[in-house]
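Working notes, beginning with the structure itself.
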Amino acid sequence: MQYHQSESRMYYSSSSVAESLERVVRLASGSAVVIFSVSTCCMCHAVKRLFCGMGVNPTVYELDQDPSGQEIERALSHLLGGGSAVPVVFIGGKLVGAMDRVMASHIGGTLVPLLKEAGALWL
């Protein structure tokens, strides 16, 4: 897993939701699999373990370790239509969703094809 504290620039609470959404899109398109997480969240840990167990090397952004993490979390919540904002998974730059959507895709057999299409899995 590649852990990032996001970008070196600091973003403060004056950022608008639109700017935060733009930043999320930019970060999400930077790798085949991107997970927005909080380091103390058990569901975040579970989704990271799922991908690592499949042989995927996701890029992980720990929002509780990022100065603008709360703003990014609000933007993610907005993308998901409200509710809990982590973990949020993007594959191939496209929003998959939170843990429920990832697990539904995994159980339904659509997760592996998504990962292959994004170049995150070769088997």
Side-chain angles (χ1 to χ4, degrees):
M1 270 184 280
Q2 300 171 1
Y3 287 88
H4 294 275
Q5 285 190 317
S6 224
E7 299 169 342
S8 58
R9 287 180 280 172
M10 293 181 67
Y11 292 77
Y12 296 97
S13 59
S14 63
S15 297
S16 70
V17 172
E19 290 170 335
S20 295
L21 284 171
E22 185 178 301
R23 184 168 180 221
V24 165
V25 169
R26 188 173 61 252
L27 294 173
S29 63
S31 298
V33 178
V34 175
I35 301 172
F36 290 93
S37 172
V38 171
S39 61
T40 58
C41 169
C42 63
M43 297 306 275
C44 295
H45 177 74
V47 80
K48 290 182 276 190
R49 294 290 68 146
L50 171 68
F51 284 108
C52 288
M54 296 173 77
V56 173
N57 186 26
T59 297
V60 178
Y61 292 99
E62 297 290 0
L63 300 180
D64 58 327
Q65 298 172 8
D66 186 309
S68 60
Q70 289 181 336
E71 294 161 4
I72 293 172
E73 199 165 344
R74 278 193 293 276
L76 291 168
S77 180
H78 180 75
L79 277 176
L80 295 173
S84 178
V86 292
V88 177
V89 176
F90 288 81
I91 298 175
K94 297 175 187 166
L95 175 65
V96 173
M99 184 67 161
D100 59 337
R101 292 316 227 154
V102 172
M103 291 308 296
S105 294
H106 181 52
I107 292 167
T110 59
L111 184 59
V112 169
L114 281 175
L115 293 168
K116 286 180 179 177
E117 184 180 319
L121 263 183
W122 294 277
L123 300 175

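These numbers were taken from a predicted model, which means no experiment stands behind them. Quick note: residue numbers are just sequence positions, from 1.
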Over all atoms of both residues, closest heavy-atom pair of [X] and [Y]:
{"X": "Ala32", "Y": "Ala120", "value": "CB-CB, 3.9 Å"}
{"X": "Val34", "Y": "Ala28", "value": "CG2-O, 3.5 Å"}
{"X": "Cys44", "Y": "Val38", "value": "SG-N, 3.5 Å"}
{"X": "Val24", "Y": "Ala75", "value": "CG2-CB, 4.3 Å"}

Are [X] and [Y] side-chain neighbours, meaning at least one heavy-atom pair lies under 4.5 Å?
{"X": "Pro58", "Y": "Cys52", "answer": "yes"}
{"X": "Leu80", "Y": "Val88", "answer": "yes"}
{"X": "Met103", "Y": "Leu50", "answer": "yes"}

(request) Give me the one residue out of Cys41, Pro87, Cys42 that meets side-chain contact (heavy atoms from CB on, under 4.5 Å) with Val47. (result) Pro87
Would you give the length of the straight line joining atom [atom1] of [X] to atom [atom2] of [Y], rounded to the nearest 0.5 angstrom?
{"X": "Leu21", "Y": "Ile72", "atom1": "CG", "atom2": "CD1", "result": "10.5 Å"}
{"X": "Leu111", "Y": "Met54", "atom1": "CG", "atom2": "CE", "result": "4.5 Å"}
{"X": "Leu63", "Y": "Ile35", "atom1": "CG", "atom2": "CD1", "result": "11.5 Å"}
{"X": "Glu117", "Y": "Thr110", "atom1": "CD", "atom2": "OG1", "result": "11.5 Å"}
{"X": "Thr40", "Y": "Gln65", "atom1": "OG1", "atom2": "CD", "result": "9.5 Å"}

(message) Would you say CE of Met43 has more than 12 non-hydrogen atoms from neighbouring residues, nucleotides or ligands within 6.0 angstrom?
(response) no
(message) Between Ser77 and Glu73 (side chain of the first, backbone of the second, donor and acceptor by atom type, cut-off under 3.5 Å), is there such a pair?
(response) no
(request) For the pair Glu71 (side chain) and Ser20 (backbone), establish whether a donor and an acceptor sit closer than 3.5 Å, ignoring hydrogens and angles. (result) no
(request) Quick one: sort the Phe36 and Phe90 rings into parallel, tilted or perpendicular, breaks at 30° and 60°. (result) perpendicular
(request) Tell me whether Val33 is reachable from Val25 by hopping between hydrophobic residues (I, L, V, M, F, W, Y) whose side-chain heavy atoms are closer than 4.5 Å. (result) no
